[in-house]
Amino acid sequence: MNPNIKKVLISEEEIVKRCRELAKDIDRDYANNPRKVLFVALLKGSVPFLSELIKRVEMDVEIDFMDVSSYDGTESIGDIKINKDLNTSVKGVDIILVEDIVDTGRTLSTVKKMLQNKGANSVKIVTLLDKPSRRIIDIKADYIGFEVENEFVVGFGLDFNQKYRNLPYVGVLKEECYK
Ligand code: IMP
């Protein structure tokens, strides 16, 4: 285990098993869907989750990526900067937004609205982790891997100062790493 990790919250085996279950749910919900299904992953944190999840999905899907961030120094709702937009048109497309964690809900609610405004037929959300105790915007993911307490977690895509994304599990950092 990485020496900076205090405890492992969710093991790699648990994540892989849960991804299989989520993929099954998605396949069931989109069975006989006549439109294109596009997984839109938010960079960078959702990459390991996206790759684990789509391997288990059996229907035909496409993938694309967006990179968004909050404007520095602002807390206001909807103020996000698009660092990388989609390469694909979303008009009439059924989108599954892929996120690593839903925290305050600001990012996802803004991106979801943006995609709806661009003419997506539907926008659903799949997230590896959900931290409902931190929610500011009332938004619910349609597919949730695991609910976590109000603790800062890293691994399986989630970072602290860009580190720990490569850990194969989700864990809690030792306090001295924040100081
Ligand atoms: P939201 O807009 O507040 O829901 O922010 C979601 C983003 O905040 C996620 O995509 C993560 O990048 C980041 N984030 C929130 N909580 C954590 C955490 O516990 N560990 C790592 N990143 C987090």
Side-chain angles (χ1 to χ4, degrees), residues 1-12 14-15 18-19 22 38-54 63-86 95-118 120 123-179:
M1 195 170 79
N2 184 296
N4 293 338
I5 296 296
K6 185 163 74 176
K7 61 176 174 182
V8 173
L9 276 187
I10 309 164
S11 70
E12 184 175 14
E14 288 173 296
I15 295 171
R18 189 75 187 112
C19 284
L22 292 173
L38 179 70
F39 280 74
V40 172
L42 299 186
L43 294 170
K44 305 168 188 161
S46 68
V47 170
F49 176 48
L50 171 80
S51 74
E52 193 55 53
L53 181 67
I54 55 164
I63 62 175
D64 204 345
F65 298 90
M66 272 181 92
D67 184 15
V68 301
S69 56
S70 314
Y71 279 111
D72 289 342
T74 177
E75 284 279 295
S76 58
I77 301 158
D79 256 338
I80 62 166
K81 186 167 70 175
I82 300 176
N83 303 316
K84 187 222 166 289
D85 207 344
L86 297 171
I95 290 177
I96 301 178
L97 255 177
V98 186
E99 180 59 305
D100 52 358
I101 187 165
V102 189
D103 188 38
T104 65
R106 281 197 177 107
T107 311
L108 277 179
S109 84
T110 310
V111 173
K112 185 174 177 175
K113 270 185 216 136
M114 231 180 248
L115 295 170
Q116 284 167 333
N117 290 342
K118 282 186 174 184
V123 183
K124 283 195 179 185
I125 294 167
V126 58
T127 185
L128 175 62
L129 305 176
D130 187 19
K131 221 191 254 182
S133 57
R134 291 254 312 157
R135 201 75 91 250
I136 289 172
I137 309 287
D138 184 24
I139 187 161
K140 261 206 177 105
D142 301 275
Y143 307 96
I144 297 167
F146 303 89
E147 202 174 291
V148 291
E149 306 275 301
N150 188 10
E151 280 181 304
F152 194 82
V153 292
V154 294
F156 218 87
L158 292 122
D159 74 304
F160 174 67
N161 282 347
Q162 298 302 324
K163 275 175 78 181
Y164 310 109
R165 293 193 197 275
N166 54 318
L167 300 181
Y169 49 80
V170 172
V172 181
L173 267 187
K174 286 182 181 162
E175 271 142 40
E176 58 257 40
C177 300
Y178 295 106
K179 291 170 187 166

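Note: hydrogens, waters and symmetry copies are ignored here, and every other heavy atom, side chains too, is used. We count ligands from 1, going down the list as the structure has it; atoms in each ligand are counted the same way.
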For atom 2 (O) of ligand 1, the protein heavy atom that lies nearest, with its residue and separation: Thr107 OG1, 2.5 Å

Asn150 atom CG: more than 12 heavy-atom contacts under 6.0 Å: yes

Atom NZ of Lys174: over 12 foreign heavy atoms under 6.0 Å: yes

Val153 N/O under 3.5 Å from ligand 1 N/O: yes

Under 3.5 Å: N/O of Gly105 near N/O of ligand 1: yes

Closest protein heavy atom to atom 12 (O) of ligand 1, given as residue, atom name and distance to 0.1 Å: Asp100 OD2, 3.9 Å

CD/Glu175: more than 12 non-hydrogen atoms of other groups inside 6.0 Å: no

For Asp159, atoms of ligand 1 separated by under 4.0 Å from a heavy atom: 21 (C)

For Ile139 against Leu108, the heavy-atom pair lying closest together: CD1-C, 3.9 Å

Part of Leu158 within contact of ligand 1 (heavy atoms, under 4.0 Å): side chain

Proximal ligand 1 atoms for Glu99, defined as those under 4.0 Å from one of its heavy atoms: 10 (O)

Validation row: Pro132, Glu147 side chains within 4.5 angstrom (heavy atoms): yes

Sub-4.0 Å heavy-atom approach of Lys131 to ligand 1: yes

Which residue and heavy atom of the protein sit nearest atom 1 (P) of ligand 1, plus the separation: Thr104 OG1, 3.3 Å

Atom 8 (O) of ligand 1 touched by protein heavy atom at under 4.0 Å: no

Pairing of Lys6 and Glu151 as salt bridge, 4.0 angstrom limit: no

Protein contact to atom 11 (C) of ligand 1 [nearest heavy atom, distance to 0.1 Å]: Ile101 CG2, 3.6 Å

Heavy-atom donor-acceptor pair, Lys84 side chain to Phe65 backbone, under 3.5 Å: yes

Per-atom contacts of ligand 1 with Glu151, taking only distances under 4.0 Å to non-hydrogen atoms: 19 (O)

Asn161 side chain vs Lys163 backbone, donor-acceptor pair below 3.5 Å: no

